[in-house]
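Report on the structure given below.
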Amino acid sequence: MDKSKPFIKIDNVSMWYPQKGGLKTKQVKKQWIKAVDKVSLELEKGQVLGVIGESGCGKSTLGRILARLENPTNGDVFIDNISTKEMIKKNAKEFRRMVQIVFQNPFDTFTPRDTIEKILMRPLKIHGIGKTDAERKEICLKALESGGLRPAEEIMKRYPHELSGGQLQRISILRSMLFQPKFIIADEPVSMLDVSVRADIINMLLTLSKEKNAAVIFISHDIALTRYISDKIVVMYLGKVVEYGNSDEIINNPQHPYTRALISNCSSIDPEEAIEKIGIQGEPPTPINPGPGCYFAPRCFKACDECFIKYPATVDVGDGHTVACDRLNLNKMEG
């Protein structure tokens with residue numbers, strides 16, 4: 001690998017969907033839903049990048065693009081300096097082994113009519129892992145044992161509905177790790193689980209990724225959780241990256257008004273510190289042809305007339321901490 005190049009490079013990726021229905025005339029321009037809009041990020045091996053933002057900000061769409069479940073309208077994603085678009089064309093199976101995604105709802109992940117044994121064994125056979133069924137079964141049993149799912153023989157015989165959400169999510173993560181992936185996308189992997197099992201699932205995911213030195217994208221709306229497991233954090237709003245940097249820097253020194261508002265409303269960041277909550281008025285605007293100004297301006301507590309005219313440039317405020325806001329100086333003055 002070229003050490004001067006990041007392991008994962010998300011290069012100017014956009015995902016625009018044409019709006020269905022509506023009046024179509026020569027005078028009316030085609031309407032686009034900008035789910036992801038010109039996102040560029042980098043990630044190294046073994047690093048965890050947390051992606052946070054309100055529902056509808058484009059987090060999950062970005063995850064699907066990274067896993068090539070959707071092809072972006074523009075831009076590309078590179079792994080070890082190789083285009084994932086070209087990887088899929090050349091060898092889709094190899095790409096699917098290299099890149100794995102863990103979804104939000106473990107009950108939707110597996111076919112209900114199949115036993116856990118079939119669910120785990122089938123992809124191994126498809127990808128040629130293990131020479132015989134006996135060998136593949138042994139691989140699955142060891143994986144279940146390592147994930148704390150015991151007795152593994154009994155778990156293998158069960159159907160998904162006979163297991164808890166926590167057990168199924170463990171199996172989902174273990175299945176993804178059977179392929180020795182280099183890149184894992186975890187899309188809200190614990191949001192539907194009881195608080196009591198969330199820590200175990202997160203620790204399991206992180207331990208496996210560190211052992212394999214895999215890069216991880218962790219998508220979540222839980223800022224406190226994301227802070228503690230991520231090396232870096234990216235904040236998205238209406239398909240755009242508004243702030244990006246090291247986790248502690250983003251949490252302790254947020255610069256974008258949207259990030260500041262999100263953190264101020266997260267009571268679990270630091271229970272002993274009294275933080276004045278910053279209200280965000282109204283709902284996010286429609287993602288259909290937003291702009292031309294800052295997308296957050298209609299709800300921003302620091303917006304001025306200029307904010308509605310043009311979208312702000314992204315600037316580096318130090319140590320790779322980037323912010324897309326023309327009101328940075330005002331942010332610093334007012335703390």
Side-chain angles (χ1 to χ4, degrees), residues 48-64 66-67 69 96 99-124 137 139-181 183-212 214 216-230 266-268:
V48 178
L49 172 64
V51 184
I52 62 174
E54 293 173 291
S55 296
C57 73
K59 305 187 301 291
S60 293
T61 301
L62 178 62
R64 291 195 299 272
L66 298 177
L69 299 179
R96 295 300 173 203
V99 181
Q100 288 285 305
I101 184 167
V102 179
F103 291 103
Q104 178 179 17
N105 188 349
F107 292 97
D108 290 342
T109 303
F110 305 127
T111 306
R113 297 183 301 276
D114 289 343
T115 62
I116 299 303
E117 180 173 346
K118 284 185 179 180
I119 287 168
L120 292 177
M121 294 270 284
R122 185 183 297 116
L124 293 182
K137 185 173 182 179
I139 291 171
C140 295
L141 288 170
K142 286 182 179 179
L144 291 175
E145 289 284 345
S146 70
L149 292 157
R150 305 183 183 95
E153 282 277 6
E154 288 300 314
I155 296 290
M156 291 270 275
K157 296 175 184 176
R158 294 183 186 178
Y159 290 86
H161 71 270
E162 297 178 310
L163 300 173
S164 69
Q167 288 174 315
L168 287 179
Q169 197 64 299
R170 283 175 183 266
I171 292 169
S172 180
I173 294 169
L174 288 169
R175 182 178 64 170
S176 71
M177 297 307 295
L178 291 174
F179 302 107
Q180 307 286 322
F183 185 27
I184 302 166
I185 301 107
D187 186 3
E188 300 270 15
V190 297
S191 64
M192 297 191 70
L193 304 179
D194 292 338
V195 174
S196 59
V197 299
R198 287 183 183 182
D200 287 342
I201 299 298
I202 291 298
N203 288 334
M204 177 185 177
L205 176 64
L206 293 180
T207 298
L208 289 170
S209 69
K210 293 299 181 186
E211 287 176 354
K212 308 302 180 185
V216 177
I217 295 280
F218 185 81
I219 298 169
S220 179
H221 64 274
D222 189 328
I223 299 172
L225 175 61
T226 305
R227 173 200 188 177
Y228 288 112
I229 71 170
S230 302
C266 181
S267 59
S268 57

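Starting from 1, each residue takes its place in the sequence as its number. Computed from a prediction, not measured in an experiment: that's the story for all the values here.
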Using distance only, find each side-chain donor-acceptor pair of residues 151-165 under 3.5 Å and give its atom names and separation, not counting sequence neighbours.
residue	atom	partner	partner atom	Å
Glu162	OE1	Tyr159	N	2.8
Ser164	OG	Gln167	N	3.2
Ser164	OG	Gln167	OE1	3.4

Which side-chain N or O atoms in residues 110-118 pair as donor and acceptor under 3.5 Å with protein atoms at least two apart or in another chain?
residue	atom	partner	partner atom	Å
Asp114	OD2	Arg122	NH1	3.3
Asp114	OD2	Arg122	NH2	2.6
Thr115	OG1	Lys118	N	3.3

Please test Leu225 against Val190 for side chain to side chain contact (heavy atoms under 4.5 Å, CB included), starting from the C-alpha separation and ending with a verdict. CA-CA 10 Å; Leu225 175 61; Val190 297; 3.8 Å; yes
Q) Passes side chain to side chain contact (heavy atoms under 4.5 Å, CB included), Leu205 versus Ile184? Steps please. A) CA-CA 9 Å; Leu205 176 64; Ile184 302 166; 4.3 Å; yes
Could you walk me through whether Val51 and Cys57 pass the side chain to side chain contact (heavy atoms under 4.5 Å, CB included) check?
CA-CA 10 Å; Val51 184; Cys57 73; 5.9 Å; no
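Ile171 has its side chain out of reach of Pro106: every pair of non-hydrogen atoms, C-beta onward, lies at least 4.5 Å apart.
In this structure, CD1 on Ile139 lies 12.0 Å from CG on Leu144, to the nearest 0.5 angstrom. Atom SG of residue Cys140 and atom CG of residue Leu178 lie 6.0 Å apart, to the nearest 0.5 angstrom. Between the CZ atom of Arg175 and the CG atom of Leu124 there is a distance of 10.0 Å, given to the nearest 0.5 Å. Note that CD1 of Ile52 is 8.5 Å distant from SG of Cys266, once rounded to the nearest 0.5 Å. Note that CG of Leu168 and CG of Leu149 are 9.5 Å apart. Values are rounded to the nearest 0.5 Å. The distance from the CD1 atom of Ile219 to the CG atom of Leu66 is 7.0 Å, given to the nearest 0.5 Å.
Within the structure, every pair that satisfies the salt bridge (Lys or Arg N to Asp or Glu O under 4.0 Å) test and touches residues 143-152, not counting sequence neighbours, is listed here: Glu145-Arg150. Note on residues 185-210: pairs passing salt bridge (Lys or Arg N to Asp or Glu O under 4.0 Å), not counting sequence neighbours, are Arg170-Asp200.
The two residues Ala214 and Pro181 come nearest to each other via the heavy atoms CB-O, 3.5 Å. Heavy-atom minimum distance, Val197 versus Gly166: CG2-CA, 4.4 Å. Nearest heavy-atom pair across Ser209 and Met177 is N-CE, 4.3 Å. Contact between Thr226 and Ser220 at its shortest, heavy atoms only, is OG1-CB, 3.5 Å.
Looking at residues two or more places apart in sequence or on another chain, you find a side-chain contact (heavy atoms from CB on, under 4.5 Å) between Leu69 and Arg64, Ala67, Arg96, Ile101, Phe103. Partners of Pro189 according to the side-chain contact (heavy atoms from CB on, under 4.5 Å) rule, which considers only residues two or more places apart in sequence or in another chain, are Val102, Gln169, Ala186, Phe218.
No side-chain donor-acceptor contact under 3.5 Å links Thr207 to the backbone of Met204.
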